[in-house]
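All remarks here apply to the structure that follows.
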Amino acid sequence: DLQAAGAGEALRGEILIDWGRTNEAVEVLEAAAAAFPESGTGEVRATLLASLSRALMRTGRPAEGVVKADLALDLAEHLGLDRIIAETFNNKGSALGYLGVTLQALARPAEAERCLAENVAICRKLVGGEKLGEPGNILATALGNHGEVLRTLGQLAEAEACQRENVAI
């Protein structure tokens with residue numbers, strides 16, 4: 001059964017990620033996503049793409065991870081798969097944060113700002129009104145990183161707003 005095989009490979013990929021064998025997880029998930037037909041169950045395909053996004057981010061390939069996250073989100077949002085949506089936004093936010101900080105270090109602040117602004121937007125969605133604990137810390141970090149790149153770009157009012165929100169958390 002193709003659906004069961006796809007779901008099994010998605011689970012295998014997640015287990016490999018959890019064991020720290022991320023390169024192997026990428027190989028498994030890329031092969032499974034390529035072999036799984038687009039006409040197959042959207043939930044299985046979304047799960048494969050979401051897991052692949054996470055594995056790519058973990059192997060230092062955040063730009064590719066964002067692309068796979070967007071594909072997974074398109075399917076998951078269409079099908080109303082809340083768990084996959086939440087996990088994928090978390091993965092995408094992490095990948096964008098990593099990519100934004102990397103771009104900033106490479107003296108590409110305009111590109112970094114776009115990534116970090118989207119990272120803040122995703123963190124706000126995930127946190128909602130509750131800014132306590134780990135979700136609040138993640139949002140505060142995202143705001144701090146975004147504020148720093150805004151300062152570099154000379155957008156001081158926006159940078160100050162980010163830093164004020166960061167400190168308020």
Side-chain angles (χ1 to χ4, degrees), residues 1-18 22 25-103 110-146 149 158 162 165 169:
D1 176 348
L2 188 58
Q3 307 304 319
E9 288 299 280
L11 180 58
R12 181 176 169 217
E14 283 296 314
I15 290 168
L16 289 168
I17 292 168
D18 291 343
T22 52
V26 168
E27 291 174 17
V28 166
L29 293 165
E30 283 180 332
F36 196 79
E38 290 192 26
S39 62
T41 301
E43 182 173 0
V44 173
R45 187 160 182 74
T47 302
L48 284 166
L49 291 168
S51 297
L52 179 55
S53 168
R54 181 173 171 225
L56 288 166
M57 185 265 301
R58 293 272 189 96
T59 56
R61 296 162 57 186
E64 293 172 75
V66 169
V67 170
K68 298 303 181 190
D70 285 339
L71 293 171
L73 286 167
D74 285 345
L75 285 169
E77 288 173 340
H78 176 72
L79 297 169
L81 305 171
D82 292 338
R83 181 188 61 79
I84 294 172
I85 293 168
E87 289 175 3
T88 305
F89 266 128
N90 189 30
N91 295 337
K92 183 178 178 182
S94 297
L96 285 166
Y98 178 76
L99 185 58
V101 170
T102 302
L103 288 167
E111 293 170 87
E113 193 281 326
R114 285 191 296 277
C115 289
L116 294 170
E118 189 172 355
N119 182 31
V120 168
I122 288 170
C123 288
R124 282 191 175 120
K125 276 185 189 179
L126 293 172
V127 168
E130 185 63 42
K131 296 182 180 175
L132 300 174
E134 187 61 23
N137 291 338
I138 292 169
L139 176 57
T141 299
L143 286 163
N145 290 338
H146 189 219
V149 78
E158 295 89 344
C162 278
E165 187 177 353
I169 294 172

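Values below: all heavy atoms of this structure, side chains included; hydrogens, waters and symmetry mates excluded.
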> Would Asn119 and Asn145 satisfy side chain to side chain contact (heavy atoms under 4.5 Å, CB included), going step by step from the backbone distance to the final call?
Replying inline: CA-CA 10 Å; Asn119 182 31; Asn145 290 338; 5.6 Å; no
> Given the rule in the side chain to side chain contact (heavy atoms under 4.5 Å, CB included) test, do Leu11 and Ile15 qualify, once you have shown the distances and angles that lead to the verdict?
Replying inline: CA-CA 6 Å; Leu11 180 58; Ile15 290 168; 4.0 Å; yes
>> For a side chain to side chain contact (heavy atoms under 4.5 Å, CB included) check, start with the C-alpha distance between Leu143 and Arg124, then their side-chain angles and the critical distance, and finish with the verdict.
In response: CA-CA 10 Å; Leu143 286 163; Arg124 282 191 175 120; 3.6 Å; yes
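With rounding to the nearest 0.5 angstrom, the CG atom of Asn91 is 11.5 Å from the CD1 atom of Ile84. Here Leu96 contributes atom CG and His146 contributes atom NE2; the two are 11.5 Å apart, rounded to the nearest 0.5 Å. Atom-to-atom distance recorded for Thr47:OG1 and Leu75:CG is 9.5 Å, nearest 0.5 angstrom. Rounding to the nearest 0.5 angstrom, the gap separating the OG1 atom in Thr141 from the CD1 atom in Ile169 is 9.0 Å. Separation of atoms NZ (Lys68) and CZ (Arg61) is listed at 9.5 Å; rounding is to 0.5 Å. If you take CZ on Arg45 and CD on Gln3, they are separated by 11.5 Å, rounding to the nearest 0.5 Å.
The minimum heavy-atom distance between Thr88 and Ala69, with the atom names listed, is CG2-O, 3.5 Å. Leu52 approaches Val26 most closely through the heavy-atom pair CD1-O, 4.0 Å. A pairwise comparison of heavy atoms in Val127 and Gly136 identifies CG2-N, 4.3 Å as the closest pair. The two residues Ile17 and Ala25 come nearest to each other via the heavy atoms CG1-CB, 3.6 Å. Residues Leu73 and Ile85 share a closest heavy-atom pair of CD2-O, 3.8 Å. In terms of heavy-atom proximity, Gly6 sits nearest to Val44 at C-CG1, 3.6 Å.
Between Glu87 and Arg54 there is no salt bridge, since no side-chain N of the basic residue sits under 4.0 Å from a carboxylate O of the acidic one. Under the 4.0 Å criterion applied to side-chain N and carboxylate O atoms, Asp18 and Arg58 are not assigned as salt-bridge partners.
The backbone N or O of Leu56 lies less than 3.5 Å from a partner atom in the side chain of Thr59, making a donor-acceptor pair.
Between Cys115 and Leu103, the closest side-chain pair of non-hydrogen atoms falls below 4.5 Å.
The environment of Tyr98 atom OH is sparse: at most 12 non-hydrogen atoms of other residues, nucleotides or ligands sit within 6.0 angstrom.
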